[in-house]
There are 2 protein chains.
Amino acid sequence: MATAKQNRHSRTRSDHATELTEDYVEAIFDIVAANGTCRAVDLANQFQVSHVTINRTVGRLQRDGYVETEPYGPIELTTKGTKLAKASKERHQIVLDFLLALGISRSTAIADSEGIEHHVSPETLNAMKEFIESKD
Amino acid sequence: MATAKQNRHSRTRSDHATELTEDYVEAIFDIVAANGTCRAVDLANQFQVSHVTINRTVGRLQRDGYVETEPYGPIELTTKGTKLAKASKERHQIVLDFLLALGISRSTAIADSEGIEHHVSPETLNAMKEFIESKD
DNA sequence: CTCTGAGTTTAGCCATTGCTAAACTGACTG
DNA sequence: CAGTCAGTTTAGCAATGGCTAAACTCAGAG
Ligand SMILES: [Mn+2]
Ligand SMILES: [Mn+2]
Ligand SMILES: [Mn+2]
Ligand SMILES: [Mn+2]
């Protein structure tokens with residue numbers, strides 16, 4: 001029997017498996033909100049990665065049911081993708097606001113929150129929310 | 001580990017490139033401290049990953065100058081590896097203590113700090129240190 | 001209408017990090 | 001001092017996420 005002893009490193013590994021997905025659906029959500037539509041070139045610009053990498057990553061997102069797109073067409077979030085995007089954006093915002101409430105400069109807070117957001121459990125997220133509120 | 005400014009996603013990508021290295025040198029440091037020596041099997045047990053994966057990862061660590069090892073021999077940190085291990089352990093401890101000071105349960109704090117530690121800039125680390133001291 | 005070029009896709013490469021199966025080493029054990 | 005076997009290495013596979021070069025599409029300019 002596979003003992004599957006979950007330890008703290010296993011948690012971090014699984015966080016990383018979903019990290020890119022979360023950042024992509026967040027970005028697609030924001031680009032659609034700003035431009036009305038999202039094209040591969042917008043994502044390449046956002047992530048500073050080649051358009052070819054974007055193309056294959058979006059293919060995985062589609063395979064996994066987060067986006068819908070046709071050849072040469074725009075990239076749209078599915079219901080599942082939209083749900084993940086909203087949850088991720090909310091969590092990301094809380095982490096950012098928390099770092100700002102801690103007194104971190106905005107540019108550092110923006111950079112740090114981009115990585116930290118993916119490793120914050122619901123319990124820690126809640127504590128961050130309370131801390132923000134305690135600081136008005 | 002907080003280098004390359006570029007944009008916020010580039011920072012996260014470079015953090016991840018060093019993340020595994022940091023966790024490994026930390027683990028090797030601790031295992032040597034506890035057992036007097038570190039073998040591949042100890043790391044496989046620690047990371048819940050196959051011994052083959054450990055073998056190849058240690059090979060990369062050696063290639064990059066963090067560890068020294070001979071076939072069938074124990075794994076030792078180089079000066080560079082020891083330095084990184086100590087810095088990583090210190091940063092990790094601060095992140096853990098910070099989460100505890102925030103009121104997070106120990107088991108959650110242990111799990112979350114394992115991922116968060118790699119995305120914390122010096123500025124944020126400093127703010128965490130001050131927060132811990134303010135709670136003394 | 002045709003042509004053109006920005007944007008997309010395809011082809012093909014690489015490194016990392018995971019795996020299983022199988023071969024090999026060398027340190028205790030009997 | 002030969003055998004055993006836990007631990008290590010090798011071989012070979014896969015998925016992810018990077019890249020460049022080259023081929024292809026299609027909407028708008030002419
Ligand atoms: Mn985000
Ligand atoms: Mn992020
Ligand atoms: Mn870690
Ligand atoms: Mn991470």
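These numbers come from a predicted model, not from an experiment.
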- Between B/Thr57 and C/dT17, does any side-chain N or O lie under 4.0 Å from OP1 or OP2? no
message = OP1 or OP2 of C/dC19 versus the side-chain N and O atoms of B/Thr53: is any pair under 4.0 Å?
response = yes
Atom [atom1] of [X] to atom [atom2] of [N]: distance rounded to whole Å?
X: B/Tyr66; N: C/dT16; atom1: OH; atom2: C1'; answer: 15 Å
X: B/Glu19; N: C/dG18; atom1: CD; atom2: C1'; answer: 15 Å
X: B/Ile54; N: C/dT20; atom1: CD1; atom2: C1'; answer: 16 Å
X: A/Glu22; N: D/dG17; atom1: CD; atom2: P; answer: 12 Å
X: A/Gln62; N: C/dT8; atom1: CD; atom2: P; answer: 15 Å

Going by distance alone, is a donor N or O of one side chain under 3.5 Å from an acceptor N or O of the other, for B/Thr12 and B/Asp15? no
Does A/Gln46 form a side chain to side chain contact (heavy atoms under 4.5 Å, CB included) with B/Arg8? I'd like the steps, not just the answer. CA-CA 10 Å; A/Gln46 176 85 70; B/Arg8 64 194 202 279; 3.6 Å; yes
Its contact letters, B for base, S for sugar-phosphate only and - for none at protein heavy atoms under 4.0 Å, make nucleotides 2-16 of chain D read -----BBBBB----S
Evaluate the side-chain hydrogen bond (donor to acceptor under 3.5 Å, both in side chains) criterion for residues B/Thr108 and A/Glu123: first the C-alpha distance (whole Å), next the side-chain angles of each, then the deciding distance (0.1 Å), finally the verdict.
CA-CA 7 Å; B/Thr108 299; A/Glu123 182 186 343; 2.5 Å; yes
Under-4.0 Å salt bridge between A/Lys89 and A/Glu26: no
Residue pairs meeting ring-ring contact (aromatic ring centres under 6.0 Å, His included), one or both in residues 49-78 of chain B, sequence neighbours left out, come to none
In B/Thr21, B/Asp23, B/Thr18, the residue satisfying side-chain hydrogen bond (donor to acceptor under 3.5 Å, both in side chains) with B/His118 is B/Asp23
